[in-house]
Asker: 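Quick one: the structure is below, and I'll ask about it shortly.
Predicted, not measured: the structure shown is a model, and the values here were computed from it. Chain A is the first sequence line, chain B the second, and so forth, proteins listed ahead of strands; every chain is numbered from 1.
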Amino acid sequence: MKLTILVHSAPYSSQAAYSAYRFTESALAAGHEIQRVFFYYDGVHASNGLSTPPQDEFDLVKAWQALIEKHELDAISCVSSALKRGIMDAREAHRYEKAAANLAEGFVLSGLGQLVDASLSCDRVVSFGA
Amino acid sequence: MKLTILVHSAPYSSQAAYSAYRFTESALAAGHEIQRVFFYYDGVHASNGLSTPPQDEFDLVKAWQALIEKHELDAISCVSSALKRGIMDAREAHRYEKAAANLAEGFVLSGLGQLVDASLSCDRVVSFGA
Amino acid sequence: MEMTPKTLTFIARSTPYGSGRAKALLDMVLSAAVFDQNINLLFMDDGVWQLARDQQPGMIDAKDLSAALGALPLYEVNNVYVEARALHERGLTLDTLAVTAIPCDDAHITALIAQSDQVFAL
Amino acid sequence: MEMTPKTLTFIARSTPYGSGRAKALLDMVLSAAVFDQNINLLFMDDGVWQLARDQQPGMIDAKDLSAALGALPLYEVNNVYVEARALHERGLTLDTLAVTAIPCDDAHITALIAQSDQVFAL
Amino acid sequence: MSTLHIINKQLPAQGLSACLRVMRPGDAILLIEDGVYLCATEPIAALPDTVHCHVLQEDLQARGLALPVAADNCQMVNYTGFVTLVCSHSRSLGWC
Amino acid sequence: MSTLHIINKQLPAQGLSACLRVMRPGDAILLIEDGVYLCATEPIAALPDTVHCHVLQEDLQARGLALPVAADNCQMVNYTGFVTLVCSHSRSLGWC
């Protein structure tokens with residue numbers, strides 16, 4: 001089946017951010033197709049490339065990055081949620097005259113339309129943290 | 001009186017982040033001294049200098065920065081909470097070999113000892129988001 | 001060949017200003033509205049507080065959520081429902097809401113969910 | 001001239017793994033412990049789940065909170081209390097906890113708070 | 001030696017019931033943020049006379065609420081009053 | 001046309017009670033994250049036979065819990081089972 005994953009919660013603050021990752025990993029292992037992973041609201045914190053957890057703790061940003069790369073996942077961080085929360089790519093940093101960009105590699109900033117579009121063309125949507 | 005403010009919640013996700021700001025502003029207006037404002041757990045998101053809310057929404061990071069500057073507040077973002085959540089100054093960025101730093105001007109990264117120290121030497125601690 | 005429109009149901013269960021969840025769900029609804037599908041918006045549980053009249057969110061430097069809800073007809077989001085039980089439990093009544101909404105009992109909500117292709121709640 | 005030690009009370013009210021709050025409060029306790037003050041740690045409400053035995057947080061790639069709690073005596077945090085009512089409501093008993101804790105009733109908790117210079121809850 | 005108990009969530013199970021069990025005469029309750037929804041509920045109406053209950057006006061009005069007429073044991077404060085309450089009690093404690 | 005109701009909070013007021021009111025025969029409940037604490041509670045024990053209840057094993061064991069022996073209307077699934085449940089119902093719905 002084609003699945004869309006929607007993530008509402010932040011790593012380190014809610015287990016839901018981790019659950020979304022484990023579910024996606026298991027769905028891929030079971031042979032399903034991931035149409036899109038959409039990070040929304042506090043979920044966008046998973047795409048902060050500056051995230052640096054202690055070495056003995058699970059690094060959810062890196063885990064997502066590895067999964068995204070391995071399976072060529074379409075991983076979108078909602079641009080309006082991300083900008084509010086201080087996560088941006090080089091293009092947005094330029095637009096808003098910020099000195100730095102911090103979107104983690106593998107993630108793409110885009111709008112809510114990408115969530116609706118995926119929801120309309122996939123078989124199942126699963127939400128985490130809502 | 002000397003007050004210590006402890007902030008546990010993130011802007012845009014919880015009203016508590018805003019309440020802490022309004023309380024601090026009112027305490028200063030009433031002539032109280034703010035010993036320290038300590039941002040902990042999700043509260044550290046208030047110190048993300050890349051935060052870019054829509055123009056018609058209240059900008060809590062900027063509001064804190066203005067208050068910090070005007071009253072020369074001691075505003076500390078818990079370093080371990082901040083690093084996990086992808087917020088760091090130039091020094092930490094160098095240490096962890098990250099390409100960018102994003103700690104908002106006016107905030108300082110430091111440890112939990114600064115919270116305990118302030119709590120022991122002030123008259124009242126007020127916590128927001130907990 | 002046109003695709004059959006799908007039914008997307010959005011369930012608003014959060015208070016308006018305690019978190020950003022109410023606003024986040026509304027943004028999802030408005031985004032979905034431009035896709036020409038069947039959109040249902042249902043206010044349940046504490047979500048019905050979003051419909052209270054006389055909100056003055058300027059007092060806490062927030063944007064007026066009830067005003068944004070008033071714009072739903074412009075987006076042709078007309079299927080707006082409210083859980084009757086949730087209103088009653090909170091001392092609210094249909095005619096004191098900031099927005100026109102169709103009252104629903106449990107069976108009606110069950111049917112709304114069962115008719116939906118996808119359901120989003122926040 | 002030595003300062004009189006102050007009393008800091010920490011109230012753990014969060015489940016161990018649903019959020020990072022339990023760990024965040026424990027970190028506060030350990031930081032406070034090095035200041036040579038009177039430290040009270042009280043587990044209330046859902047916080048008592050932190051004391052459950054046989055936790056296997058490796059199943060969800062989390063660090064073992066009950067193991068960290070076992071290190072409290074090394075930090076000379078010996079005033080560890082647990083709300084008896086909260087244990088009872090959850091089917092837990094004192095002798096099945098991962099950590100030794102003094103059971104408290106409401107009056108005892110009231111007194112703990114009233115004797116504290118500062119109280120932190122998470 | 002009194003305590004100010006600050007409640008910022010609307011579900012009684014998220015703080016109010018625990019707070020009510022352990023507060024003592026002379027303590028005060030302050031409802032803020034989503035805690036203001038509790039001002040018209042039975043547990044607050046049933047508070048003993050020895051406990052003062054306050055509601056943050058800004059948070060109440062933002063939500064389109066008003067203090068129920070019957071709530072004579074509950075009074076509004078603004079942010080300045082919030083600061084005064086913190087200073088006039090020995091400690092404050094947040095119940096979320 | 002059945003729905004999978006996913007519950008990830010431990011307070012019944014945070015989802016379970018709403019979910020129970022609107023679910024229908026053939027629907028299923030999945031308890032995950034802090035929702036697993038509900039597996040030994042009365043509302044779950046009282047579920048009709050027409051509703052299946054599942055508990056995520058990883059989240060249960062992480063918390064040091066086990067399924068109560070009496071909970072014969074509740075069964076454990078692992079993450080692979082979670083995926084299967086999502087696919088075998090027409091839609092899923094998270095109640096937080």
Asker: Given a strict heavy-atom distance threshold of 4.5 Å, which part of A/Glu57 is in contact with chain B: side chain, backbone, both, or neither?
Answerer: side chain

Asker: For the candidates A/Asn102, A/Leu83, A/Asp42, A/Ile87, which exhibits the highest count of non-hydrogen atom pairs separated by less than 4.5 Å from chain B?
Answerer: A/Leu83

Asker: Side chain, backbone, both or neither: which part of B/Tyr96 has a non-hydrogen atom closer than 4.5 Å to chain A?
Answerer: side chain

Asker: Around atom NE2 of A/His71, are there more than 12 heavy atoms of other residues, nucleotides or ligands at under 6.0 Å?
Answerer: yes

Asker: Taking every non-hydrogen pair under 4.5 Å, which of B/Met88, B/His45, B/Glu92 racks up the most with chain A?
Answerer: B/His45

Asker: Output the distance between atom CG (A/Leu50) and atom CG (B/Leu103), rounded to the nearest 0.5 Å.
Answerer: 11.0 Å

Asker: What part of A/Ala101 is in contact with chain B, defined as an atom under 4.5 angstrom from a non-hydrogen atom: side chain, backbone, both or neither?
Answerer: backbone

Asker: Testing the basics here: between B/Ser13 and A/Arg85, what is the closest heavy-atom pair and its distance to 0.1 Å?
Answerer: OG-NH2, 3.6 Å

Asker: I'd like to know if the side chain of B/Thr52 and the backbone of A/Lys84 have a donor-acceptor N/O pair within less than 3.5 Å.
Answerer: no

